[in-house]
K.L.:
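Let me begin by handing over the structure; questions about it come next.
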Amino acid sequence: MSDEFDIDELSKIRILDSETSAKTSQLKEECKEFMDKIDDFQSIVNGFIEIMSKLSEQVEREKLIAIGKRNTLKSMAKLKETQQQQLLGLITEKKTQLERLRLQLSSLEKTSAEQKEFMEQFIHT
């Protein structure tokens, strides 16, 4: 019967021998310390994940702002190009109008000179 039971130093009956009981207690304590460290690690990881999540959201916001600004710049460039084309068309139109008015002026000056000449011939006759 002594193989199944053991009496410790406090005269208590134990099922396990004192060495096995001590190792079991030590293992239990080491497991508790390990679990505490795992809990601490999990807290650190959760904090890190939360920080990275906030950072990711901030990066995404900044990315959307940058895309918006890039699109604005593109549309401004297209608008500038369109305005430039309109101004070039207006310049061409004004040059054509200027040439037409020069020709009209030349024709009117010629007609005026002919009329003056005719009037002088008519007066002198």
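Everything numeric in this text was worked out from a predicted model, so none of it was measured.
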K.L.:
Counting C-beta onward and ignoring hydrogens, is there a side-chain heavy-atom pair between Lys28 and Lys32 closer than 4.5 Å?
P.N.:
no
K.L.:
Nearest 0.5 angstrom please: Leu55 CG to Ile51 CD1, how far?
P.N.:
9.5 Å
K.L.:
Do Gln26 and Glu30 pair up side chain to side chain, a donor and an acceptor below 3.5 Å, judged on atom types alone?
P.N.:
yes
K.L.:
Working to the nearest 0.5 Å, report the span between CD of Glu62 and NZ of Lys69.
P.N.:
8.0 Å
K.L.:
Report the C-alpha separation of Glu114 and Glu117 in whole Å, then their side-chain angles, then the decisive distance to 0.1 Å, and conclude whether the side chain to side chain contact (heavy atoms under 4.5 Å, CB included) test is met.
P.N.:
CA-CA 5 Å; Glu114 288 173 358; Glu117 186 181 328; 5.6 Å; no
K.L.:
For the CG atom of Leu105 and the CZ atom of Arg102, what is their distance to the nearest 0.5 Å?
P.N.:
10.0 Å
K.L.:
Can you tell me if Ser43 uses its side chain to pair, donor with acceptor, with the backbone of Asp39 under 3.5 Å?
P.N.:
yes
K.L.:
In the hydrophobic clustering (ILVMFWY, side-chain contacts below 4.5 Å, transitive), which residues join Val45, or is it alone?
P.N.:
Phe41, Ile49
K.L.:
With rounding to the nearest 0.5 Å, note down the distance linking CG in Leu98 to CG in Leu103.
P.N.:
9.5 Å
K.L.:
Find the distance between NZ (Lys95) and CD1 (Ile91) and round it off to the nearest 0.5 Å.
P.N.:
7.0 Å
K.L.:
Has Met52 got more than 12 heavy atoms of other residues, nucleotides or ligands less than 6.0 Å from its CE?
P.N.:
yes
K.L.:
What distance separates Gln104 CD from Gln97 CD, expressed to the nearest 0.5 Å?
P.N.:
10.5 Å
K.L.:
Please test Leu90 against Gln86 for side chain to side chain contact (heavy atoms under 4.5 Å, CB included), starting from the C-alpha separation and ending with a verdict.
P.N.:
CA-CA 6 Å; Leu90 186 60; Gln86 288 174 343; over 6 Å; no
K.L.:
In terms of side-chain geometry, is the basic nitrogen of Lys54 or Glu50 positioned less than 4.0 Å from the acidic oxygen of its partner?
P.N.:
yes
K.L.:
Using a 3.5 Å distance criterion without hydrogens, assess whether the side chain of Thr96 forms a donor-acceptor pair with backbone atoms of Thr92.
P.N.:
yes
K.L.:
Give a yes or no on whether the backbone of Ser107 and the side-chain of Thr111 come within a donor-acceptor separation of less than 3.5 Å.
P.N.:
yes
K.L.:
Identify whether the distance between the nearest side-chain nitrogen and carboxylate oxygen of Glu19 and Lys23 falls below 4.0 Å.
P.N.:
yes
